[in-house]
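The figures that follow rest on heavy atoms only: side chains count, while hydrogens, waters and symmetry mates do not.
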Amino acid sequence: QVQLVESGGGLVQPGGSLRLSCAASGTIFRFNAMGWYRQAPGKERESVAVISSVGTTDYADSVKGRFTISRDNTKNAVYLQMNSLKPDDTAVYYCYAYKLVPYWGQGTQVTVSS
(Lines give C-alpha, C1' and ligand atoms only; values in the text may rest on other atoms or scores of the structure.)
Protein backbone atom coordinates (compact mmCIF):
# COMPACT_ATOMS: atom_id res chain seq x y z
CA GLN A 1 0.00 0.00 0.00
CA VAL A 2 1.49 3.31 -1.11
CA GLN A 3 1.63 6.03 1.54
CA LEU A 4 2.86 9.60 1.30
CA VAL A 5 3.92 11.30 4.52
CA GLU A 6 4.52 15.05 4.68
CA SER A 7 6.54 16.97 7.23
CA GLY A 8 7.90 20.46 7.74
CA GLY A 9 4.82 22.60 8.14
CA GLY A 10 4.35 25.10 10.94
CA LEU A 11 3.99 28.73 11.91
CA VAL A 12 6.31 31.29 10.35
CA GLN A 13 6.40 35.07 10.18
CA PRO A 14 5.90 36.90 6.89
CA GLY A 15 9.14 36.90 4.93
CA GLY A 16 10.28 33.67 6.54
CA SER A 17 11.03 30.27 5.04
CA LEU A 18 9.89 26.69 5.43
CA ARG A 19 10.85 23.45 3.75
CA LEU A 20 8.23 20.78 3.23
CA SER A 21 9.18 17.16 2.71
CA CYS A 22 7.14 14.25 1.43
CA ALA A 23 8.34 10.67 1.44
CA ALA A 24 6.63 7.73 -0.18
CA SER A 25 6.60 4.24 1.24
CA GLY A 26 5.13 0.93 0.19
CA THR A 27 6.40 1.00 -3.37
CA ILE A 28 9.59 0.44 -5.31
CA PHE A 29 8.57 2.06 -8.58
CA ARG A 30 9.45 5.59 -9.58
CA PHE A 31 6.59 8.00 -9.78
CA ASN A 32 5.97 10.08 -12.87
CA ALA A 33 4.90 13.53 -11.68
CA MET A 34 5.21 14.57 -8.06
CA GLY A 35 4.10 17.84 -6.61
CA TRP A 36 2.29 19.97 -4.12
CA TYR A 37 -1.22 21.35 -3.85
CA ARG A 38 -2.59 23.63 -1.18
CA GLN A 39 -6.01 24.51 0.16
CA ALA A 40 -6.77 27.63 2.14
CA PRO A 41 -9.93 27.98 4.26
CA GLY A 42 -12.95 28.63 2.06
CA LYS A 43 -10.97 28.15 -1.14
CA GLU A 44 -10.56 25.36 -3.64
CA ARG A 45 -7.47 23.20 -3.69
CA GLU A 46 -4.89 24.65 -6.09
CA SER A 47 -1.71 23.35 -7.64
CA VAL A 48 1.43 24.97 -6.26
CA ALA A 49 4.29 23.17 -8.00
CA VAL A 50 4.94 20.00 -9.98
CA ILE A 51 8.08 18.17 -11.01
CA SER A 52 8.39 15.41 -13.59
CA SER A 53 10.47 12.27 -13.26
CA VAL A 54 13.27 13.96 -15.22
CA GLY A 55 13.16 17.20 -13.24
CA THR A 56 11.01 19.49 -15.36
CA THR A 57 9.20 21.90 -13.07
CA ASP A 58 6.16 24.16 -13.20
CA TYR A 59 4.81 26.61 -10.65
CA ALA A 60 1.70 28.57 -9.92
CA ASP A 61 2.18 32.23 -10.82
CA SER A 62 1.63 33.23 -7.21
CA VAL A 63 4.72 31.33 -6.01
CA LYS A 64 7.15 31.73 -8.91
CA GLY A 65 10.48 33.07 -7.74
CA ARG A 66 9.73 32.23 -4.11
CA PHE A 67 9.15 28.46 -4.03
CA THR A 68 11.39 25.71 -5.36
CA ILE A 69 10.34 22.11 -5.87
CA SER A 70 12.83 19.26 -5.99
CA ARG A 71 12.78 15.49 -5.74
CA ASP A 72 15.05 12.62 -4.83
CA ASN A 73 14.15 9.58 -6.91
CA THR A 74 16.39 7.32 -4.84
CA LYS A 75 14.19 8.08 -1.83
CA ASN A 76 10.90 8.55 -3.68
CA ALA A 77 10.69 11.94 -2.02
CA VAL A 78 9.63 15.42 -3.07
CA TYR A 79 10.44 18.70 -1.37
CA LEU A 80 9.15 22.26 -1.44
CA GLN A 81 11.43 25.08 -0.35
CA MET A 82 9.28 28.11 0.43
CA ASN A 83 10.94 31.51 0.82
CA SER A 84 9.58 35.03 1.27
CA LEU A 85 6.38 33.60 2.67
CA LYS A 86 3.26 35.74 2.71
CA PRO A 87 0.05 35.50 4.75
CA ASP A 88 -1.72 34.43 1.52
CA ASP A 89 0.44 31.30 1.53
CA THR A 90 -1.38 30.09 4.63
CA ALA A 91 -3.01 26.77 3.78
CA VAL A 92 -2.88 23.04 4.21
CA TYR A 93 -0.26 21.72 1.82
CA TYR A 94 -0.70 18.28 0.26
CA CYS A 95 1.90 16.35 -1.65
CA TYR A 96 0.92 14.01 -4.42
CA ALA A 97 2.59 11.47 -6.65
CA TYR A 98 1.29 9.98 -9.87
CA LYS A 99 1.90 6.53 -11.33
CA LEU A 100 -1.14 5.24 -13.22
CA VAL A 101 -3.25 6.75 -10.41
CA PRO A 102 -2.69 9.69 -8.05
CA TYR A 103 -1.59 9.20 -4.47
CA TRP A 104 -2.04 11.89 -1.80
CA GLY A 105 -0.48 12.74 1.52
CA GLN A 106 -2.49 13.65 4.58
CA GLY A 107 -1.58 17.34 4.46
CA THR A 108 0.54 19.63 6.59
CA GLN A 109 -0.52 23.04 7.89
CA VAL A 110 1.48 26.11 6.93
CA THR A 111 0.55 29.33 8.72
CA VAL A 112 2.18 32.64 7.85
CA SER A 113 1.40 35.24 10.46
CA SER A 114 3.05 37.83 12.64
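Partners of V92 by side chain to side chain contact (heavy atoms under 4.5 Å, CB included), not counting sequence neighbours, listed by chain and number: Y94, Q109. Every residue meeting the side-chain hydrogen bond (donor to acceptor under 3.5 Å, both in side chains) condition with S62, not counting sequence neighbours, appears here in chain and number order: R38. For K43, the salt bridge (charged side-chain N to carboxylate O under 4.0 Å, His left out) test picks out no residue, with sequence neighbours left out. With sequence neighbours left out, Y37 forms a ring pair (Phe, Tyr, Trp, His ring centres under 6.0 Å) with Y96, W104. Residues passing the side chain to side chain contact (heavy atoms under 4.5 Å, CB included) test with V101 are Y103, sequence neighbours excluded. Partners of N32 under the side chain to side chain contact (heavy atoms under 4.5 Å, CB included) rule, at least two apart in sequence or in another chain, are Y98, K99. For S113, the side chain to side chain contact (heavy atoms under 4.5 Å, CB included) partners are L11, T111, not counting sequence neighbours.
Between K64 and D61, at least one side-chain N (NZ, or NE/NH1/NH2) sits under 4.0 Å from a carboxylate O, which counts as a salt bridge.
The list of disulfide (SG to SG under 2.5 Å) pairs with a residue in residues 29-79, not counting sequence neighbours, is empty. Residue pairs meeting the side chain to side chain donor-acceptor pair (under 3.5 Å) criterion with at least one member in residues 3-14, sequence neighbours excluded, are E6-Q106. Sorted by first then second residue, the ring-ring contact (aromatic ring centres under 6.0 Å, His included) pairs that include residues 59-81, not counting sequence neighbours, number zero.
Here the rule is side-chain contact (heavy atoms from CB on, under 4.5 Å) with L85, and of T90, V63, V112 only V112 fits it.
Across every non-hydrogen atom of N73 and S53, the tightest pair is ND2-O, 3.4 Å. In plain terms, the two heavy atoms of V78 and C95 that are nearest each other are CG1-CB, 4.3 Å. Considering all non-hydrogen atoms of both residues, A97 and L4 come closest at N-CD1, 3.7 Å.
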| message | Pair M34, V50 - check side chain to side chain contact (heavy atoms under 4.5 Å, CB included), show working. | response | CA-CA 6 Å; M34 301 183 78; V50 61; over 6 Å; no
Taking only distance into account, with no hydrogens and no angle test, what donor-acceptor pairs under 3.5 Å do side-chain atoms of residues 16-25 form with protein atoms, sequence neighbours excluded?
from	atom 1	to	atom 2	distance (Å)
S17	OG	N83	OD1	2.9

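Going from atom OG of S47 over to atom CG of D58 covers 7.5 Å, rounded to the nearest 0.5 Å. Note that CZ of R71 is 11.5 Å distant from OG1 of T57, once rounded to the nearest 0.5 Å.
V54 forms part of no hydrophobic cluster, judged by ILVMFWY side-chain heavy-atom separations under 4.5 Å.
Between the N76 side chain and the F29 main chain, a donor and an acceptor come within less than 3.5 Å of each other.
Between W36 and I51 the shortest side-chain heavy-atom distance does not fall below 4.5 Å.
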